[in-house]
Structure formats: C-alpha cells, structure tokens
J.: 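Attaching a single structure in structure tokens format; questions to follow.
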Amino acid sequence: MNNEAKHRAGRNMVKARFHEYYRRNRENITPPKSMGQREFGFLLFVEGVMLRHKSFNQPSELGKFIEATVPSDIYYSAAYYMDPEAPMDRKGWTGSDLIFDIDADHIETECKKIHDRWRCDACGTSGGGKPPMICPKCKGQRFTETTWMCRECLEEAKIEASKLIDLLIRDFGVNHEEVNLNFSGHRGYHIHVESEVFKNLGSDERKEIVDYLTGLGLDLKLLNLSYPPGESDISGKFTVHDPGWRGRIARSIEEIILRMDREPLGKLGLRREVIESIIEYRKNIGKDISEFIKDVDRKTWRQIIHKAVTLAKVNIDTVVTTDIHRLIRLPGTLNGKTGLKASKVNVKDLPRFDPLKETVAFEGEERIHIEEAPRFEIGGEEYGPFKDVDETLPAHAAILLLCKGSAYPVVKPIV
Amino acid sequence: MSTERDKARYPFTAEAAEFIRKLGLRIEDLTSEYYRPILVRAEQRIRQALTEFEVTPQEHDINIEVTSFPTAVMLMSYVNNELAKRRYALAESKSFSERLREEPPEKILRIAKETFGWDVKPIPEGERQTGDFLLHFKQYLTNIRNLRELRWKLTNRPLRNGYVQLMREEAARLIEEEIQRRILEKTKNPLAKLPEALQDTIKSIERLAATSTPTQTPIQTFDLKIKDSPPCIKKLIETLSSGGRLSHIGRFALTSFLVNAGAKEEEIVGFFKSASDFDERKTKYQVEHISGRRGGKTKYIPPKCDTLKTHGVCSEPDELCQRIKHPLTYYKIKIGRFKKGQVQPTMKT
Ligand code: SF4
Ligand SMILES: [Zn+2]
Ligand SMILES: [Zn+2]
C-alpha cells in the first residue's frame, strides 16, 4: 500500500468509529434553540466536502441524517433565518446568537513551540510553534500546520472563558441561563449567548462589543487612570466595584498586588523593585489596593497598570463574533480533528472540568503505525513521543492520532 | 407634559406626532391655499438646512411649525439627491440636539423614552459622579455607529449590568444620531405619488441642492492614488464621499496621507467638499497646516498602523498590511516607489 492509501484506510477507520458512536449516541446531540430556523452544515470524510444550507425541524430528522451520512464535523448557524435552505442572499436573516470562540491558536503559550509544528509546502523546511509569515529558506508563503492539544493550553483557554463569562454577566447584564459554554473538542471553548438582547445586533455593534472585551481603543486618560492615583481626586475612589474597564483594571491590580506569587509577578515582566515593594506591602498592611497605589511612583504605576490591562483583556477570535452568518460546531457531536466530543459544560463546573478526560468517546483498542507524534495526554494517560512505531493503543488515543494524520492502521495479515 | 412651545421646538416627538395625527392632514391638502403657510415654512426649513446647516425654530404659530417638519421630511423624500438628504437630516438633527442639551435632564429623559423607546433611567442623586443617565448598551451601540472619537467607544465607558453611564449633553448627542437616522430613513423613498401641484416645489429644492451640495465628488482626480491606498484610507474616503463624518484622527490620517502621497492642496480641499459637514475655510487651514505651509513648517505624516488600530481607523487590513507598520509604506510598495534612502518596508516576524 502506498502512503496515501494507508491514510485513506486511517480515515475509514475513524469514519467507522464515528458511525458506531452516532448509532449509539444519537440522543446526546443537543439541537440548538429554534432549530428549524437554523442552517446546518456537515463536513464529510471525503476530503474537504462541505454540505451546507440544510435544515431540520426535528431532532430525530437531524439524528437520522447524521447516521446516514456520518460527517466528520457538524455545524449549525448562530443565525436564525426565514428560509435556512435558500442560497445565502435569500435566506432572510432574522437574527443571530452572540458567539465567541476561545482557542489556543490565538493565545500565546510557551508550550506551543514544543507541541505545534509547521512545514513549508514548497521546500519542506519545518519548525516549532506558529509558521512564520514567509519561509526563511525559500520565501514561500504556504505551510502545513500540525497542532496538538495540551493541558497547559487548555488551562489558558479556560481562564479566558471564565473571564469572558464574568464580563458578559457583570458588564453586559447577561443572565446565567443565557450563557451556553461548550468545549470545542479540540483546543478551546465556544460560548453562545442565546438572548433577545443580542439577537438583532449587526456586525458593527458586535465589533464594538468585541473591542470592549479585548480592550481595543482603551484610553487611560478618558478613564481617569493615566497618572498615579494619589494625584487625582477621582482616582482616589478607584475601586474594584467601578463599572466598566476601571473596575476591570482595579480587579487585575488587586490580583497582582494581593495574590500573585513572586514567580508569576516576574513573568509579567515587572521590575525587581516593584515586585519587592508588592511583597513587602502584602506582608504589612496589604488589605486593599488603594493603600498601595496611593504613593506609588509614576513609573511603577505605568508598569502595573499596563500589566493589569493585559491581564484583563479577553483573548477571543474576533472574526467569529462579528460574522453574523457564522457556522459553529454543534454540541454533542464529534470533532473530526480529534475524535473528542464537543461537550456542553456547566459554567460552575468549569474549574473542575477536564476536557482531555471527560470528552473521550471511544472504547476498546486499535493497532496503528505512528509516523510521528509529540508527547500527548488523553483519557487521563500520557503517551509518546512516538516515531515510526507500531503500537496497540486505547481507541481514543489511536483515533486522535489517526485524525491528526500522524498514524495509519496496521493491517493484520490475512492468514 | 410638554408645552405648546416644546412641540414647536421638538416636532419629532411622540407628542408632536400625535398632535399632527389629530389634524388629519393629507398630502393633497398641502396644495390647497388654506394650508399653504405649512408648505412655505417646510420649504424654508429645507432651504435654511441646505444653505446654513441649521434650522431655527419659529414659535409664533405652533400649528404651522409642528406640521412643517414632517412636511419638509416628506418633501425631501421626493428630492433626487442623496447628499442633500443627508445634509438636511444633519442640519435638522443638529439643531434639535443643540436646543435639547440646554434642557433639564427630565425632559431629555422623557423624549428618549417616549419618542424613541430607549431603555434609559436616571442615575440616583447620590451616585452621580460620572453621568446623569443609564442607557441600555443596545441603544447606545446603535447610536454611536457614526461617532468615531475614542470617548464614545464602549471600552472607555462605565458599563455595568447592561447599562452605560451618560452625561446629559452626551444623551442629547445620541438623540441627534437617532433623529438623523430616522429622518434619513423617512426621506429614502416617497410614500405616495407626487401631486402635480408640488412638482415645482421639488424642482426648486433640487436646483438649490445642486448648487449647495456638489453631486460630483472630485474622486476622479485622485483615482490613481486611491487605487493604491491601504484599506483604512479607502474606508475613510468611502465614508466621506457617502456623506459620513470622520473622527478627528480619521480626518488627520486621511489629509496627511493624501499630502504625503503627493496630492495638491486644492485637490484635497476640493475632495473634502463632498463631506456633508464641510467647512471650506477650516479644511483649507488644516490642509495647509498638515502640509507644512502654516505653523510649524513641518510636514506631518499619518499615524502608524498601531495607532490607527487603537483608534478604530484600521479597517479590514489585507495581506500587504500584515507586512507593514505604516500606511505610507503600503502605498509606496503598491506604486513600486522605493527609492534608495527611503524607508524600507518592515517585515513582521
Ligand atoms: S494595517 Fe495599517 S495600512 Fe493596513 S488598513 Fe490597518 S492601518 Fe491601514
Ligand atoms: Zn520554504
Ligand atoms: Zn500547549
């Protein structure tokens, strides 16, 4: 068998597993509110084929369709339409949920240099982390990327998700029940807000909300925070309860001054003297931030406030939120990049939620040949690194490698 | 309760509309001798709006004054000149808001609520340090669409529980946006066929509009420069030529960009003429200042991409944008004009 055929066999094995999963778990699929007004889209195992503009009125219809086609990935529109099956310009948009995509792809983590790789399509030069703008060797601009899930990246995504939810509730007045939090089945979380308030906002308004969350256009002067607070009467009342970004910055400062250890403080890039004065303050009186910032010098103030702003920004994929026709992964379905379940998470369970364990979908074992894989974790176990070996692995680990295209099935000899 | 005087000064309010509804006026009536004063006053509103950028209220006959506003709006819907429609809407709404900002907060609050259905409430007496009102972010967002200064960005606003804090003057400014939008909406398409007798009126408004608002924007002379401009500059030009307003920094970025791209001063001034709030003298002064003919004698260059991003001027950056840090670099690469000794494009790594 040539290489292409081996990988096709891998895709077939994944598809068979997906088929079996959907046969048994049709009822796990949670269709969105007003499903009849949504467009559904399906990515098929046949390379790159996308079925779009589908609609379903009943969960059972959708289940049947999924079982019959066995797609690798299943999406639905955040938008509501009069006629979801019509071509884009004649669908009749009536509104859209407010959606957010938090993905390790957009978060700077050190570990990505280890577990993510790129390869220049033209000359084969490769490296760790994100691909460069142009290939250092041949100036090519096309790359193939391989990304991996890792605990550290997922923890970062979790922090971003809770920051976002806190903001939606605290600043935008969203109700707890309107926030749907979903693990994407790969490297992040999706947050869908199903609320009348956001439903008919256009792209421009959504962009403004995104700017708010990411702190774009923030002006410390307008917020009355551009100088050491000791010098201004308004800033004297600067507290964690202030509305908007003032409060957010105050809460970050509180985090920095009252709770962060020496090491993370160093990571923030604060000067040594600043860190020492923070620790000192904490030892003595340290109850609230106002005492500390009252007699801080200008340079320190600048540094602290700068870090506080960085901490308070939410890291989201800004394009997803402003696109009012976006398709988003349907919770309860499998992710074709990993074989993990895209799963609904209770907001209050988020801190304890273990995405690499609780979303595993397959049982049994598979024997595969692994071409190359870094060390990775799934189902509560660690595996690898691997290089050109045959292995018998639990099905969820084997499927992950097959999905990533790093392995293919070992064909048992026909006796 | 609003006074008779208020109806005349704010003829867009729900109360004024109710008052007009009770009169039971139809478009055909306007051509009759009896209602003629309304038509005359409506035309006067439009003329003043197009030539002086404001509309001064006349309070001696409330009936005429109140009805003349919707009549003027209706007349504008027959006028075949988009820019004139914008100009009219801008002048009316600006004049209303200038009056409104002098009013007590309760009155502003009532108009916002009853006429526009805003979800707005007063901030309790004791907590008033940063604002007078709390406005739901939804109506806030709809009405800041054309306001580009940083102080309007939601990011720089006290926001809690879905409500934005606003000062009274700011509320008046947002009401201006709301009225302007509504007038524009109503002038888009006429509701009925134009009665024979009104045709001359419309013709004469159109004639006035043609002389006071240039319908032909001098974009042609810039064609080359515009074609190779970065997306942000194109967007600014687009906004301006469709009668929109630019923020201070947007205006500065555009003018300094054009100056540095080698556009002539008259060309730039001519170009700004198409803006609905064009002030020739001011624009001339700015252009001369930026090009270094006035004041400090230093030629200004546009802000860096980073700055433009912060101020929301950067818009839909394309692939070339990924490689540059300054809009002028973009332009120079596009026109292939990288002479020795000039700034080289910086690559982001
Ligand atoms: S990246 Fe720079 S040049 Fe490109 S659109 Fe943004 S501001 Fe303009
Ligand atoms: Zn290469
Ligand atoms: Zn990682």
Side-chain angles (χ1 to χ4, degrees), chain A residues 98 130-134 136 139 141 167-175 178 195-225 233-237 241-249 309 312-313 318-319 322, chain B residues 119 123 127 129-131 134-167 170 235 239 244 247 249-250 306-317 319-324 345-349:
Chain A
L98 184 69
K130 272 183 169 276
M133 282 310 296
I134 52 165
K139 304 262 180 289
Q141 288 188 22
L167 266 163
L168 288 172
I169 293 171
R170 196 196 284 261
D171 291 3
F172 286 91
V174 172
N175 281 328
E178 293 167 334
S195 152
E196 285 302 313
V197 175
F198 296 98
K199 198 175 162 188
N200 49 23
L201 290 182
S203 272
D204 286 354
E205 287 93 339
R206 288 170 202 251
K207 172 74 170 43
E208 196 61 36
I209 293 176
V210 164
D211 289 353
Y212 181 86
L213 297 169
T214 56
L216 195 88
L218 188 80
D219 186 320
L220 291 176
K221 244 195 235 119
L222 287 169
L223 292 174
N224 258 316
L225 291 175
D233 52 335
I234 279 214
S235 306
K237 298 187 195 97
H241 305 294
D242 285 358
W245 264 89
R246 271 175 69 93
R248 292 175 72 181
I249 291 173
V309 168
K313 286 179 180 173
T318 56
V319 183
T322 50
Chain B
D119 179 359
I123 295 180
E127 296 162 34
Q129 350 156 351
T130 42
L134 289 173
L135 173 64
H136 193 271
F137 75 85
K138 204 171 164 176
Q139 284 109 36
Y140 181 80
L141 291 183
T142 327
N143 289 302
I144 58 159
R145 253 186 246 162
N146 297 315
L147 306 178
R148 302 279 168 188
E149 296 115 288
L150 273 187
R151 72 186 174 101
W152 293 108
K153 270 204 97 55
L154 195 57
T155 311
N156 294 316
R157 286 278 152 183
L159 172 69
R160 176 157 50 203
N161 246 326
Y163 290 86
V164 180
Q165 291 183 11
L166 280 185
M167 308 294 282
E170 293 172 329
K235 178 74 187 271
T239 310
S247 66
I249 183 164
D306 273 353
T307 314
L308 294 175
K309 284 196 174 108
T310 314
H311 289 76
V313 176
C314 174
S315 152
E316 295 169 33
E319 247 173 58
L320 182 52
C321 285
Q322 310 290 314
R323 295 167 43 206
I324 52 113
T346 38
M347 298 286 179
K348 277 193 198 158
T349 41

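It should be emphasised that the depicted structure is a prediction, and the values quoted were computed from it without experimental measurement. Atom set for the values below is all heavy atoms of this structure, side chains included, hydrogens, waters and symmetry mates excluded. Order of the sequence lines fixes the chain letters, A, B, ..., with proteins taken first and strands second; residue numbering starts at 1 for each chain.
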J.: Please evaluate residues A:Leu222 and B:Arg157 with respect to the criterion side-chain contact (heavy atoms from CB on, under 4.5 Å), reporting the C-alpha separation (whole Å), side-chain torsions for both, the decisive distance (0.1 Å), and the verdict.
T.: CA-CA 9 Å; A:Leu222 287 169; B:Arg157 286 278 152 183; over 6 Å; no
J.: For a 4.5 angstrom cut-off between non-hydrogen side-chain atoms, does B:Pro158 reach A:Arg246?
T.: no
J.: Kindly indicate, with the supporting measurements, whether the criterion side-chain contact (heavy atoms from CB on, under 4.5 Å) is fulfilled by A:Asn200 and B:Lys138.
T.: CA-CA 10 Å; A:Asn200 49 23; B:Lys138 204 171 164 176; 2.8 Å; yes
J.: Mind checking the CG-OG1 spacing from A:Leu201 to B:Thr142? Nearest 0.5 Å is all I need.
T.: 7.0 Å
J.: Under 4.0 Å between a Lys/Arg side-chain N and an Asp/Glu carboxylate O for B:Arg145 and A:Glu208?
T.: no
J.: A:Trp245 versus B:Leu154: any side-chain heavy-atom pair under 4.5 Å?
T.: no
J.: Counting heavy-atom pairs closer than 4.5 Å to chain B, which one of A:Gly202, A:Gly173, A:Gly217 comes out on top?
T.: A:Gly217
J.: Would you confirm whether the ring centroid of B:Phe137 sits within less than 6.0 angstrom of the ring centroid of A:Phe198?
T.: yes
J.: Which answer fits A:Leu218, side chain, backbone, both or neither, if we ask what part of it has an atom under 4.5 Å from a heavy atom of chain B?
T.: both
J.: Give a yes or no on whether a salt bridge exists between A:Asp211 and B:Lys153, defined as a side-chain N under 4.0 angstrom from a carboxylate O.
T.: yes
J.: Examine distances only and state if a side-chain atom of B:Thr155 and a backbone atom of A:Leu216 form a donor-acceptor pair shorter than 3.5 Å.
T.: yes
J.: Go through the atoms of B:Gln139 and report whether side chain, backbone, both or neither lie under 4.5 Å from a heavy atom of chain A.
T.: neither
J.: Judged by modelled atom types alone, do A:Lys221 and B:Asn156 share a side-chain donor-acceptor pair under 3.5 Å?
T.: no
J.: Is A:Asp219 in contact with chain B via its backbone, its side chain, both, or neither, using a 4.5 Å heavy-atom distance?
T.: both
J.: Working to the nearest 0.5 Å, report the span between CZ of A:Arg170 and CG of B:Leu159.
T.: 11.5 Å
